[in-house]
Amino acid sequence: MILPNVCWAESNDTKTIELNVVQVIQLAGNFVEQGKFETAQDILNHVPQTGNLALETERWFLLAQIASRTGDIDNAIQIYRKILNDQPDLARVRFELAVCYMHQHKWRRADYHLRLAMAGKDLPDNVRQLMNYYRWVIRQNKNWNVWFNFGAAPDNNVNNSIGGEECVMTMFGLMCRNLAEPEKAIGANLTLGGNYEFKLSDHWRWKSDANIYSNIYDKHDYDDLYLSASTGPRYVWTRGDVWFAPVIARRWYGWDAYNWSYGLRLDTNYDFTRKLSGGLYLRFMNNRYDEYGDFLDGQTYSVNTSFIYSFNASVYLVGRAGVSRERAANDTYSYWQPNISVGIGAELPWGFHVYAEPSVYWTRYDDPRWTVKDNTFQEITEHDFTHRYALSLSNNKLDIWGFVPTMTVSYTRRESNIWQREYDKTAIEFTMQQRF
């Protein structure tokens, strides 16, 4: 192509330089490196469409570089997102997007993209070292984090029932009763939370957080509202952090006071490698119930672990495992509950993001309870096995004021040695989630 603006004077004659598109983009890149942003932008804006994806990507990348270096961070973020919508595996672009989010103090978003970018296979060692340093910067500087999701959640078995009939043989013959049938309901869900860290030093800060979770159904007997808050010291270092805090929680079910809890939490996180991060989370909660205290008052002890492994700049694996111990005033309601889940997420072309997660947990009660089985009353110690399968799908091109519509389809099945405790349910959630 011919660039009329790129010329020089020699013997009072003006000479025109002819360059192909590759050379033009290389020239613009040189001007960006030299800080001649206006000239570089003028060149890039006049580059014709060639249909070559690599060249077009490089052109947009340079325009984003100009925007970020001249302080137009919002425009730079828009361009980087546009590139990643079509080519989500570009580690360098994801890294630059993370840096832009750091400029805006959007630490959670920066951390998400930085984790994926660090798994890029074509990154030089000096860039990886810089990323490790930026992870430390994020740990040092993040102060406000806010999350907010809302949407609708149709549920075909909101009361977790199996239905049917149970019968008992008596001296008067067989007597039967109908069990509650599964009820369908449509709910609106809301999650609102945030935390704030007051910086005490490079390594110490005071962290506080609060969360609200609610499901409001058209059948209000199943409405659920849960509040929690915690505050305490947090220590951060280059590859990890530890947070210790008292915690308090309150729950309402069907708009009736259900229970309140207080206790302690210990959260730890550590980066084992540039691709693998893990966490250990300990909880102790003292539980007090408003109506069923004589049976359910007690303590909850839980240990949970999580691991996040990034395969590359667009695909990641999430693993979780743990166990909880519920101690109730009546041992019939005391139980052990181990759990495990494995999820895989991917940033796909055309702006799609998909996440699939199967999860299972086992519930083993301490003491037997009287129940109906084989037409007689029997004492049976309940053992349950629950498995759930969830698939979430969203598209970043449908960005609405920073929120992305997300659909989650889930199927849950509980199997039990007490057949009345079995159920299966399918739920569909349509939520608006903050875009990362």
Side-chain angles (χ1 to χ4, degrees), residues 112 115-116 147 149 151-162 182 185 187 189-191 193 211 213-215 222 224 226 228 249 251 265 267-269 275-283 285 300-311 315-326 335-348 352-365 382-394 406-419 421-431 433 436:
Y112 173 80
R115 285 176 182 273
L116 288 175
W147 47 93
N149 301 324
D155 192 320
N156 76 335
N157 190 356
V158 69
N159 54 337
N160 295 342
S161 296
I162 192 173
N189 55 56
L190 168 70
T191 302
N211 290 277
Y213 171 79
S214 70
N215 256 330
Y222 304 107
D224 200 358
Y226 181 82
S228 67
R251 185 182 180 189
R265 66 187 293 177
D267 295 2
T268 65
N269 299 282
K275 291 187 174 186
L276 177 64
S277 299
L280 172 67
Y281 314 104
L282 308 178
R283 297 287 189 279
M285 299 296 289
T300 302
Y301 308 84
S302 62
V303 179
N304 289 285
T305 59
S306 69
F307 296 92
I308 301 176
Y309 182 82
S310 301
F311 291 101
V315 181
Y316 60 93
L317 182 76
V318 179
R320 299 184 182 91
V323 61
S324 64
R325 170 62 171 160
E326 188 79 19
Y335 58 82
W336 288 90
Q337 192 175 78
N339 65 85
I340 187 170
S341 66
V342 178
I344 186 165
E347 301 281 354
L348 303 176
F352 285 100
H353 177 268
V354 64
Y355 182 78
E357 182 181 81
S359 57
V360 298
Y361 61 90
W362 300 261
T363 307
R364 297 290 183 265
Y365 287 86
E382 183 180 350
H383 294 160
D384 301 335
F385 171 63
T386 305
H387 42 110
R388 180 178 185 268
Y389 309 90
L391 177 67
S392 295
L393 182 66
S394 62
T406 302
M407 182 179 70
T408 301
V409 180
S410 65
Y411 171 76
T412 305
R413 169 68 180 170
R414 180 165 73 188
E415 301 169 8
S416 176
N417 62 334
I418 299 178
W419 70 270
R421 297 278 292 165
E422 294 185 336
Y423 71 87
D424 63 337
K425 67 189 296 183
T426 301
I428 302 175
E429 294 182 53
F430 301 94
T431 57
Q433 300 186 358
F436 279 77

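We use all heavy atoms of the structure for the numbers below, so side chains are in, but hydrogens, waters and symmetry mates are not.
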Practice task
Report the C-alpha separation of E422 and R414 in whole Å, then their side-chain angles, then the decisive distance to 0.1 Å, and conclude whether the side chain to side chain contact (heavy atoms under 4.5 Å, CB included) test is met.
Solution key: CA-CA 5 Å; E422 294 185 336; R414 180 165 73 188; 5.7 Å; no
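- Across every non-hydrogen atom of N211 and G193, the tightest pair is OD1-CA, 3.8 Å.
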Practice task
In sequence, state the C-alpha distance, the side-chain angles, and the governing distance for R364 and Y335, and then conclude on side chain to side chain contact (heavy atoms under 4.5 Å, CB included).
Solution key: CA-CA 5 Å; R364 297 290 183 265; Y335 58 82; 5.8 Å; no
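- The line from NZ of K425 to CG of D155 is 4.0 Å long, rounded to the nearest 0.5 Å.
- Judged by distance alone, the side chain of T268 and the main-chain N or O of L280 form a donor-acceptor pair under 3.5 Å.
- Remark: S302 OG to M285 CE distance equals 9.0 Å, nearest 0.5 Å.
- For the pair Y281 and G279, the tightest heavy-atom approach, listed with the atom from each and the gap, is OH-CA, 3.6 Å.
- With hydrogens and angles disregarded, a donor-acceptor distance shorter than 3.5 Å links the side chain of N156 to the backbone of T426.
- Between the T305 side chain and the A321 main chain, a donor and an acceptor come within less than 3.5 Å of each other.
- In terms of heavy atoms, V354 sits closest to L348 at CG1-CD1, 3.7 Å.
- Using a 4.5 Å cut-off on side-chain heavy atoms (C-beta onward), Y423 and T412 make contact.
- Shown here are the ring-ring contact (aromatic ring centres under 6.0 Å, His included) partners of W362, two or more places apart in sequence or in another chain: F385.
- Atom CG of residue D424 and atom CG of residue N160 lie 10.5 Å apart, to the nearest 0.5 angstrom.
- The distance from the OG atom of S214 to the OH atom of Y226 is 13.5 Å, given to the nearest 0.5 Å.
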Practice task
Please report the C-alpha distance between Y222 and N215 in whole Å, then the side-chain angles of each, then the deciding distance to 0.1 Å, and finally whether the side chain to side chain contact (heavy atoms under 4.5 Å, CB included) criterion is met.
Solution key: CA-CA 8 Å; Y222 304 107; N215 256 330; over 6 Å; no
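- Every residue two or more places apart in sequence or in another chain that forms a ring-ring contact (aromatic ring centres under 6.0 Å, His included) with Y389 is listed here: H387.
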Exercise for the section: Just do the side chain to side chain contact (heavy atoms under 4.5 Å, CB included) check on E382 and N417 with the steps written out, would you? Expected result: CA-CA 6 Å; E382 183 180 350; N417 62 334; 4.1 Å; yes
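- Residue N304 comes nearest to V323 through the heavy atom pair OD1-N, 4.3 Å, listed as atom of the first residue, atom of the second, then distance.
- The distance from the OG atom of S359 to the CZ atom of R388 is 6.0 Å, given to the nearest 0.5 Å.
- Listed here is the closest heavy atom pair of G278 and F307: CA-CD2, 4.0 Å.
- In this view, E357 and R320, Y355 satisfy the side chain to side chain donor-acceptor pair (under 3.5 Å) rule, not counting sequence neighbours.
- Side-chain N or O atoms of R421 include none that pairs as donor or acceptor with a backbone N or O of S161 at under 3.5 Å.
- Atoms CZ and OG, from R251 and S228 in turn, are 12.5 Å apart once rounded to the nearest 0.5 Å.
- Smallest separation of non-hydrogen atoms from L391 and A356: CD1-CB, 3.8 Å.
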